[in-house]
Structure formats: C-alpha cells, structure tokens
Amino acid sequence: MDLYILTLFPHYFDPFLENSILGTAIQKKLLNIHLMNFRDFSLDKHSKVDDLPYGGGSGMVLQVEPLWRAYQAIPKPVRENATVILPSPRGVLFKQEKAMALSKEPNLIFICGQYKGIDQRVQKLLGAQEISIGDYVLTGGELPALILLNAIARFVPGVLGDLDSALSDSFTSSPDLLGAPAYSRPVEFQGLTVPPVLLSGNHQEIQKWRETQALITTLKNRPDLLQNSDLTPTQKKLLKDFKGDQEPSPS
Ligand code: ADE
C-alpha cells in the first residue's frame, strides 16, 4: 500500500514510523510511506501557506494552492487511484469498520491541517473524506493521521503476525463489543489471581467466559454500543447466567 502524507511537519512522523509494528511493516515494504512537506509547494517568497479567513474570525486558514500543487506532484497513477483523507474534527467519526475498509485501498493520501482549518476547496477538489478521530480538537492533523494510519495498517495482510488477533479485537464483532480482559504469567501477583477458567484448558468454557466478559465490559463502559443492536439468544443467555464479576480479586 502506498501512503502519501502531506504535512508541514514531516519529522513529527519519524518515531512512529521507525518503531514497533509500523516500523517493521515499512521495512518489509508492506507500507510505502511518502512524506511531503507542502510548504515546498508554496509560491510565496516566504513560503507562506496560510492566510486570514474570508469573512473574518480568529486563526489562519491553510490555503488551497500549495496543497493542490503538492497533490499534483504525487504520481498521476497513484493519485488517480487513491482515497484522500482529511483528518478534521468536522469529519465523520472514525470506526474500526472504516479502518478495515480503508486497508483494502491501494493508495491513501492524508492531508494534515494546522491552524484554524483548511480552505474547504481542498476537500472538494481532491474529493477528500473528512474523518474525525473523536469529539475533541487537537492542534493539527498529524496525530489523527497517525492514529488512522495505525488502525488501517493493522488490517493490511502481513502487518500483524496474526491477522486473526486483529479480527478478534474490540469493535470487530457484531454487535460492536469491547474486548475481553487478558492475563499472562504469573498466575498470582500481589495477591491477585488469574480467573481459574483461563487455566482450565476447557476451550469452550474459556470462549464463553470471554464472550460474557466482553458483554459485561461493554455494558459497563460503553452501553451506547449496544443500544441499537439486538443481542443474539446466546448473548442474552450469557448475560442471564452471569454470576458476578470475575475480575481478579485479592485471594
Ligand atoms: N484535527 C484536530 N482535531 C481532530 C480530530 N478530533 N479528528 C481529526 N482531525 C483533527
């Protein structure tokens, strides 16, 4: 997958793209990242890329021209076959489903804004999808772009050693459920023990426990996720049979 990132701060991305799972995926050429500083495409003698908003108001607006010129510098076959993403608090809320869908695209182009916003003609000209990562405002589009990229990359074949693991995460089931809690060695630490069912070797019981925990946690932390979805009869039964919290407790 080819990913172009148009930004004023290309070095912002370095540590995230050099380390961990994304770093390895880039080394393996599963992801080809191209960072472009769109300031390089300004025609202004001081390389200015922003100006005052028409209609007045606070803050500066990123101008359409340098971004359009940077976009035009992306090889034609790539840009003509790319999905353009504009991280913005004004966008559609990002979901796991969207991450999965975008992972199937051959090329992605991210446009990272700063200041008050980006001239809306950029969205129009590039047919960009405005995507929000949550109901809060960050100082720029770089972190949101990294978050989107990270979530999308996990579904690109070969990026995770075990794609099944991504498919069993929170938000990947229907209805959307949070993941079950996980435990590893030691069995006991500071008086807290691992739930016995996980040590039982009974895979059916373990699966049932995980599904119940996922349901309970979702009800507790994100009841909104269950609001518009019908629970399956099995899930209803799991909830009915649930006998108290099986979180570790001091023994
Ligand atoms: N840029 C600033 N805040 C943002 C948000 N919440 N989502 C996407 N892009 C942003």
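Both counts, for ligands and for their atoms, begin at 1 and track the order of listing.
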[Y] and [X] side chains, donor-acceptor separation under 3.5 Å:
| X | Y | result |
| --- | --- | --- |
| E142 | Q114 | yes |
| E105 | T83 | yes |
| K98 | Q129 | yes |
| Q227 | R222 | no |

Quiz item: Parallel, tilted or perpendicular: which fits the ring planes of Y183 and W209, with parallel below 30° and perpendicular above 60°?
Solution: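 Tilted: the ring planes of Y183 and W209 meet at 30° to 60°.
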
Tabulating one pair per line, provide the atom names and distances (0.1 Å) for every N/O atom of ligand 1 that is less than 3.5 Å from a protein N/O atom.
residue	atom	partner	partner atom	Å
ligand 1	3 (N)	L138	N	3.0
ligand 1	6 (N)	G134	O	3.2
ligand 1	6 (N)	Y136	O	2.7
ligand 1	7 (N)	I133	N	3.0
ligand 1	9 (N)	S88	N	3.0

Quiz item: Is there a donor-acceptor pair closer than 3.5 Å between any side-chain N or O of S132 and the backbone N or O of G91?
Solution: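 No, S132 side chain to G91 backbone: no donor-acceptor pair under 3.5 Å.
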
